[in-house]
2 protein chains.
Amino acid sequence: MENEMMTIRQMCDAFDVTPRTLRFYEAKELIFPVRDGQKRFYDRRDRGRLKLILRGKRFGFALEEMRQLLNLYDRGDAQEEQLTRTYEAARERLAQMERQRDELTEAIIELRAQLEHGAEMVAAFRKPAAE
Amino acid sequence: MENEMMTIRQMCDAFDVTPRTLRFYEAKELIFPVRDGQKRFYDRRDRGRLKLILRGKRFGFALEEMRQLLNLYDRGDAQEEQLTRTYEAARERLAQMERQRDELTEAIIELRAQLEHGAEMVAAFRKPAAE
DNA sequence: AGGATGCTTGACGTTAACGTAAGCCGGAAC
DNA sequence: GTTCCGGCTTACGTTAACGTCAAGCATCCT
């Protein structure tokens, strides 16, 4: 049933993206709809890829990263080594996110201290006393 | 002693920024060095502002936000209401950071689940089975 | 005098992920 | 037949915070 081709509009509705986005992803070689004259048609594979792209975005993967990951699984039949590489990429990304969160946490603590602990923040904003 | 003017280079060394950065901040009206012919000279006030700008950056304030905060304290003599406003700005920013951290934490949990909990992530990257 | 520095302005480049506008085309509805 | 709808392409605009030339003075040292 849902094995058939979809138009750009159907895709947009299904995935809540704009046509511009789909064409952009195509330009970036993330998806490869079939062209019938001027029109684009998206098959199951495109839908699968798009789904992953959007999921990846939620995890903070850049489009280029996703492209590489997706391409990894397009040539060759997903060998062990490549599966491993994907794991590694995901784990690296996870580590990045954790570092980022930690930095943020530190900054929060610092800022909170300034706010609660005294009027330093405000004082800091005051003009240096006239000489 | 350290009450005197500093050249752009002295500033760069003191604050670990590039000349480009100082000129950029000037163009954005964050600091206002005195000009003697071609040269720029930075006084205590500029140093104070720069210090705050850099501190603000660590907290994730945008330059434009910092400009507004700084300007708030330049006209008028820092009235209560304005001090309050700065507090509010800082608190808002804090809330933003906390939200951001929470989102990140969620994403981390999700991603971690995919990695630990099964081969879903990898499976997801696999081509849909040929029909 | 004649580099070698150091400072200046101005303008374009960078990164990401699209938004937006302009202008063209083909098919469908009236 | 003509208008309208949707799709198409191309290309510039957006945001932040500078980096990176390019090219021109002024000054300092020898």
Side-chain angles (χ1 to χ4, degrees), chain A residues 5-43 46 49-70 89 93 96-97 100 103-104 107, chain B residues 5-43 46 49-70 89 93 96-97 100 103-104 107:
Chain A
M5 302 292 226
M6 289 172 63
T7 69
I8 199 169
R9 181 108 310 276
Q10 291 174 316
M11 289 291 282
C12 292
D13 293 344
F15 292 93
D16 193 34
V17 294
T18 69
R20 182 69 183 88
T21 299
L22 293 179
R23 290 192 280 261
F24 180 75
Y25 288 172
E26 182 182 347
K28 292 285 176 181
E29 301 189 296
L30 284 156
I31 48 181
F32 313 93
V34 176
R35 304 300 293 267
D36 177 16
Q38 283 296 64
K39 291 169 188 170
R40 289 169 169 81
F41 290 102
Y42 302 81
D43 63 9
D46 293 310
R49 293 176 71 99
L50 180 55
K51 187 174 171 187
L52 287 176
I53 293 163
L54 298 178
R55 173 184 299 181
K57 286 198 59 172
R58 289 212 323 279
F59 292 151
F61 284 90
L63 290 186
E64 173 58 19
E65 290 180 286
M66 288 305 297
R67 192 185 65 80
Q68 289 179 21
L69 287 175
L70 288 169
R93 179 64 200 151
Q96 266 181 42
M97 290 166 69
Q100 196 183 330
E103 282 175 34
L104 202 49
Chain B
M5 304 291 226
M6 289 171 65
T7 68
I8 198 170
R9 181 108 310 275
Q10 291 174 316
M11 290 290 282
C12 292
D13 293 344
F15 292 95
D16 193 33
V17 295
T18 70
R20 181 70 183 88
T21 299
L22 293 180
R23 290 191 280 262
F24 180 75
Y25 288 172
E26 182 182 346
K28 292 284 175 181
E29 301 189 296
L30 284 156
I31 49 182
F32 312 94
V34 176
R35 303 301 293 267
D36 176 16
Q38 284 294 62
K39 292 169 188 170
R40 289 170 168 81
F41 291 102
Y42 302 82
D43 63 9
D46 293 310
R49 292 176 71 100
L50 180 56
K51 188 174 170 185
L52 286 175
I53 293 163
L54 298 178
R55 173 184 299 181
K57 285 197 57 172
R58 290 212 322 281
F59 292 150
F61 284 91
L63 290 187
E64 173 58 20
E65 291 179 286
M66 287 307 297
R67 192 185 66 81
Q68 290 179 22
L69 287 176
L70 288 170
R93 179 63 200 154
Q96 265 181 42
M97 289 165 69
Q100 196 183 330
E103 281 176 34
L104 202 50

> Is there side-chain contact between Ile53(A) and Ile31(A), with at least one heavy-atom pair below 4.5 Å?
Replying inline: yes

>> Under 4.0 Å from OP1 or OP2 of dC18(C): is there any side-chain N or O of Tyr25(A) that close?
In response: yes

>> I want to check something: taking the side chain as every heavy atom from C-beta on, are Glu26(B) and Arg35(B) in contact at a cut-off of under 4.5 Å?
In response: yes

>> Counting C-beta onward and ignoring hydrogens, is there a side-chain heavy-atom pair between Arg55(B) and Phe61(B) closer than 4.5 Å?
In response: no

>> Rounded to whole Å, how long is the line connecting atom CZ of Phe24(B) with atom P of dT14(C)?
In response: 17 Å

> Which part of the nucleic acid does Thr7(A) contact within heavy-atom distance under 4.0 Å: base, sugar-phosphate only, or nothing?
Replying inline: nothing

> Arg23(B) has an atom CZ; how far is it from atom P of dG10(C), in whole Å?
Replying inline: 12 Å

> Checking side-chain contact (heavy atoms from CB on, under 4.5 Å) for the pair Thr7(B)/Gln10(B): CA distance, chi angles, key distance, verdict?
Replying inline: CA-CA 5 Å; Thr7(B) 68; Gln10(B) 291 174 316; 3.4 Å; yes

> What's the closest nucleotide to the Arg9(B) side chain, out of dC18(D), dC7(C), dA17(C)?
Replying inline: dC7(C)

> Is there side-chain contact between Arg23(A) and Ile8(A), with at least one heavy-atom pair below 4.5 Å?
Replying inline: yes

> Does one side chain, of Gln68(B) or Glu64(B), offer a donor that lies under 3.5 Å from an acceptor on the other?
Replying inline: yes

> Rounded to the nearest Å, what distance is computed from the CD atom of residue Glu65(A) to the P atom of nucleotide dT15(C)?
Replying inline: 15 Å

> Just how far, in rounded Å, is P of dC18(D) from CD1 of Ile53(B)?
Replying inline: 10 Å

> Starting at CE of Met66(B) and ending at P of dC18(D), how long is that distance when rounded to a whole Å?
Replying inline: 13 Å

> Which of these nucleotides, dA17(D), dC18(C), dT8(C), is closest to any side-chain atom of Ile8(B)?
Replying inline: dT8(C)

>> Protein within reach of the bases, or only the backbone? For nucleotides 21-26 of chain C, mark each nucleotide 5' to 3' as B, S or -, using heavy atoms under 4.0 Å.
In response: ------

>> I want to check something: taking the side chain as every heavy atom from C-beta on, are Leu63(A) and Lys57(A) in contact at a cut-off of under 4.5 Å?
In response: yes

> Side-chain N or O of Arg40(A) less than 4.0 angstrom from OP1 or OP2 on dG6(D)?
Replying inline: no

> dC7(C) P sits how many Å from Asp36(B) CG, rounded?
Replying inline: 14 Å

> Over how many whole Å does the gap from Arg35(B) atom CZ to dC7(C) atom C1' extend?
Replying inline: 9 Å

> Taking for each residue the nucleotide of DNA chain C with the nearest heavy atom, is it Lys39(A) or Thr21(A) whose nucleotide lies nearer the 5' end?
Replying inline: Thr21(A)

> Given dT15(D), is OP1 or OP2 found less than 4.0 Å from the side-chain N or O atoms of Lys28(B)?
Replying inline: no

> dC7(C) P sits how many Å from Glu26(B) CD, rounded?
Replying inline: 14 Å

